[in-house]
Amino acid sequence: MMKSGTESATKRPHVVIVGAGFGGLACAQALGNTEIDVTVIDRRNHNLFQPLLYQVATAALSPADISEPIRRTLGRYENIHVVMAEVVSVDAPARTVILKDGGSTPFDRLVLATGSTYNYFGHQDWQQHAPGLKSVHEARDIRHRLLLAFEKAERSTDEAEKRSLLTSVVIGGGPTGVEMAGAISELGRFMIAQDFRRLHPDQLTVLLIEAGPRILSTFPETLSRYASDYLAGIGVDIRLDTPVEDITAEGVQAGGTFLPASCIVWGAGVKASPAAEWLGIEPGAGGRLPVGPDLSVTGTAGIYALGDTALALGKDRNPLPALAQVAKQQGIFLGRALKADLLSGKPIPTFHFRNRGNTAVIGRNAAIFDFGSWQIKGRLAWLLWALVHVYLLVNFEKRLLVSIQWIWRYSTRQRGARVIDETAVSATVPATEAKDRAAN
């Protein structure tokens, strides 16, 4: 049946945003409390500040410190509807998003901000032994493995087993790998010195494996060299030009050598979500969706991509990096542009990224910042890193909580989240002790 002219004229435009990360949330907030209906779909019920997940994995912060329910974040916007569901496909001609549970959601405009996952380069079976850092579950898994390994080592009477338990391998020399390696080394040496009576700091081994010629390859060489020197100074063994050949529950085969380890962390590369498969188009580099200057997906109408999902080009015609600041700027830009387009008929302009600097934290009082034409490192960079990350947290409450915990941790060196989940304690008795019990 044909709709009347009055009914068509009063129908509000509907924007669907898939993904509630930096880009998706920023886009939704820019569309908040307007005459546009907005639906935000995410398979999780919470947004997550991924840059600080490594601190959850190393017992510096709790998951609640860096995450918040999406409904709470967007609750003040009456025109935004939040749906917890998993998207499996997009019917572009029918303007419909298909959900895993069989449901569907129509749209007038679609924004894909689905982020990225770790790329295991055809070895997906490695993931069970070497989790990455993309979710609270993975961060907790790594924390449990680390803390349980220390408990087992304390009880072990076999020196080789003890050293294996106290060995952690971090794969990938990018910011995530560098941050994890430094944090594990600092956590381990402090715990051994303060809380364990049968362990010695010299027994701790933290290996950082990088297939390329240097760590932090996206930073200037001077900053990369500073990071390498600092990590070496806190006991991190860096292995360059060392490709990983295999990963098992017992350790890592890399560069022709088997490295026994109790905890393995993957940070060697990412790939975009399967958004290209949903649309049935050929993805660009890293599985990302090629987009135009207005962030619209190439070859589609009314569909846009943000953040890690989008293969957007900068002024130099090189792809924009998969950074939080890129996603957030794109989200704010697209939200405002869609509002002007849908309510006033203004065309969406060209997106211009403004680089606020690239950063990585190396350890206590040590970080690097690259602003392109100039760089800083050391304590000043570390303070700036802390300020930036506190500012980027989702609300004042999180900023206050994290700031207090950081000040306390800096003053005391204590890690407040060293709690091992009871369900993770499946085999706390070392093999040597288990044999003794069996013999009795």
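Position 1 is the first residue of the sequence, and the numbers go up from there.
- Every residue meeting the salt bridge (charged side-chain N to carboxylate O under 4.0 Å, His left out) condition with Arg239, not counting sequence neighbours, appears here in chain and number order: Asp237.
- A donor atom on one side chain and an acceptor atom on the other are found under 3.5 Å apart for Asp308 and Ser116.
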For this session: Step by step, work out the side chain to side chain contact (heavy atoms under 4.5 Å, CB included) result for Lys377 and Phe369.
Result: CA-CA 6 Å; Lys377 60 188 179 183; Phe369 248 101; over 6 Å; no
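- Between His123 and Trp126, the ring centre distance stays below 6.0 Å.
- With sequence neighbours left out, Ser273 forms a side-chain hydrogen bond (donor to acceptor under 3.5 Å, both in side chains) with Thr114.
- Between the side chain of Arg364 and the main chain of Glu186, no donor-acceptor pair closer than 3.5 Å is present.
- Here the closest non-hydrogen pair linking Glu138 and Gln127 is OE2-NE2, 3.7 Å.
- Scored by the salt bridge (charged side-chain N to carboxylate O under 4.0 Å, His left out) test, Arg356 finds no partners at all (sequence neighbours excluded).
- Using modelled atom types, no side-chain atom of Ser262 and backbone atom of Ala149 make a donor-acceptor pair closer than 3.5 Å.
- Panel note: side chain Glu210, backbone Gly173; a donor-acceptor pair is recorded below 3.5 Å.
- A donor and an acceptor atom, one from each side chain of His14 and Thr39, are located under 3.5 Å apart.
- Here the shortest heavy-atom pairing between Leu146 and Ser168 reads CD2-OG, 3.5 Å.
- Between Thr96 and Ala94, the shortest heavy-atom contact is OG1-O, 3.0 Å.
- Side-chain N or O atoms of Asp294 include none that pairs as donor or acceptor with a backbone N or O of Ile348 at under 3.5 Å.
- With Asn358 contributing its side chain and Leu323 its backbone, the two residues share no donor-acceptor pair below 3.5 Å.
- For Tyr120, there are no side-chain hydrogen bond (donor to acceptor under 3.5 Å, both in side chains) partners at least two apart in sequence or on another chain.
- Between Phe371 and Trp374, the ring-plane angle classifies as parallel under the 30° and 60° cut-offs.
- In this structure, Glu86 pairs ionically with Lys100, as a charged nitrogen and a carboxylate oxygen lie closer than 4.0 Å.
- Among pairs with a residue in residues 19-44, those fulfilling ring-ring contact (aromatic ring centres under 6.0 Å, His included) read Phe22-Phe49, at least two apart in sequence or across chains.
- Rounded to the nearest 0.5 angstrom, Asn79 CG and Arg12 CZ are separated by 6.0 Å.
- Contact detail for Ile362 and Ala227: the closest heavy-atom pair is CD1-CB, 3.7 Å.
- Applying the salt bridge (charged side-chain N to carboxylate O under 4.0 Å, His left out) test to Asp229 and every residue at least two apart in sequence or in another chain returns nothing.
- The main-chain N or O of Ser67 is found under 3.5 Å from a side-chain atom of Lys398 such that the two form a donor-acceptor pair.
- Residues Trp266 and Ile247 are in side-chain contact: their nearest non-hydrogen atoms beyond the backbone lie under 4.5 Å apart.
- In the model, Thr73 has a side-chain atom that pairs as donor or acceptor with a side-chain atom of Asn47 under 3.5 Å.
- Applying the salt bridge (charged side-chain N to carboxylate O under 4.0 Å, His left out) test to Glu277 and every residue at least two apart in sequence or in another chain returns nothing.
- With sequence neighbours excluded, no residue forms a side-chain hydrogen bond (donor to acceptor under 3.5 Å, both in side chains) with Gln29.
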Problem set entry | Worked verdict on Thr105 versus Leu99 for side chain to side chain contact (heavy atoms under 4.5 Å, CB included) | CA-CA 8 Å; Thr105 303; Leu99 306 179; 4.3 Å; yes
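- The backbone N or O of Pro220 sits nowhere less than 3.5 Å from a side-chain atom of Thr222 that would complete a donor-acceptor pair.
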For this session: Report the C-alpha distance between Val361 and Tyr54 in whole Å, list the side-chain angles of each, state the deciding distance to 0.1 Å, and finish with yes or no for side chain to side chain contact (heavy atoms under 4.5 Å, CB included).
Result: CA-CA 11 Å; Val361 64; Tyr54 84 95; 3.1 Å; yes
Exercise. After noting the C-alpha distance and the side-chain angles of Ile98 and Val87, does the key distance pass the side chain to side chain contact (heavy atoms under 4.5 Å, CB included) rule?
Worked result: CA-CA 6 Å; Ile98 311 301; Val87 174; over 6 Å; no
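- Under the rule for a side chain to side chain contact (heavy atoms under 4.5 Å, CB included), Ala193 has no partner lying at least two apart in sequence or in another chain.
- Within the structure, every pair that satisfies the side-chain hydrogen bond (donor to acceptor under 3.5 Å, both in side chains) test and touches residues 338-349, not counting sequence neighbours, is listed here: Arg109-Asp341.
- Take Gln128 and apply the side-chain hydrogen bond (donor to acceptor under 3.5 Å, both in side chains) test, not counting sequence neighbours, and it matches no residue.
- Under 4.0 Å is where a charged nitrogen must lie from a carboxylate oxygen, and between Asp108 and Lys11 at least one such pair does.
- Checked by atom type and distance alone, the side chain of Thr218 never pairs as donor or acceptor with a backbone atom of Leu216 at under 3.5 Å.
- There is no side-chain donor-acceptor pair under 3.5 Å between Asn33 and Glu78.
- Under 3.5 Å, the side chains of Ser185 and Arg189 contain a donor-acceptor pair of N or O atoms.
- Remark: Phe333 engages Phe351 in a ring-ring contact (aromatic ring centres under 6.0 Å, His included) (not counting sequence neighbours).
- At distances below 3.5 Å, not a single donor-acceptor pair connects side-chain atoms of Gln375 with backbone N or O atoms of Asp370.
- By the 4.0 Å N-to-carboxylate-O rule, Arg95 lies too far from Asp91 to be salt-bridged with it.
- Under the 3.5 Å distance criterion, the side-chain polar atoms of Gln50 are matched with a main-chain donor or acceptor of Lys134.
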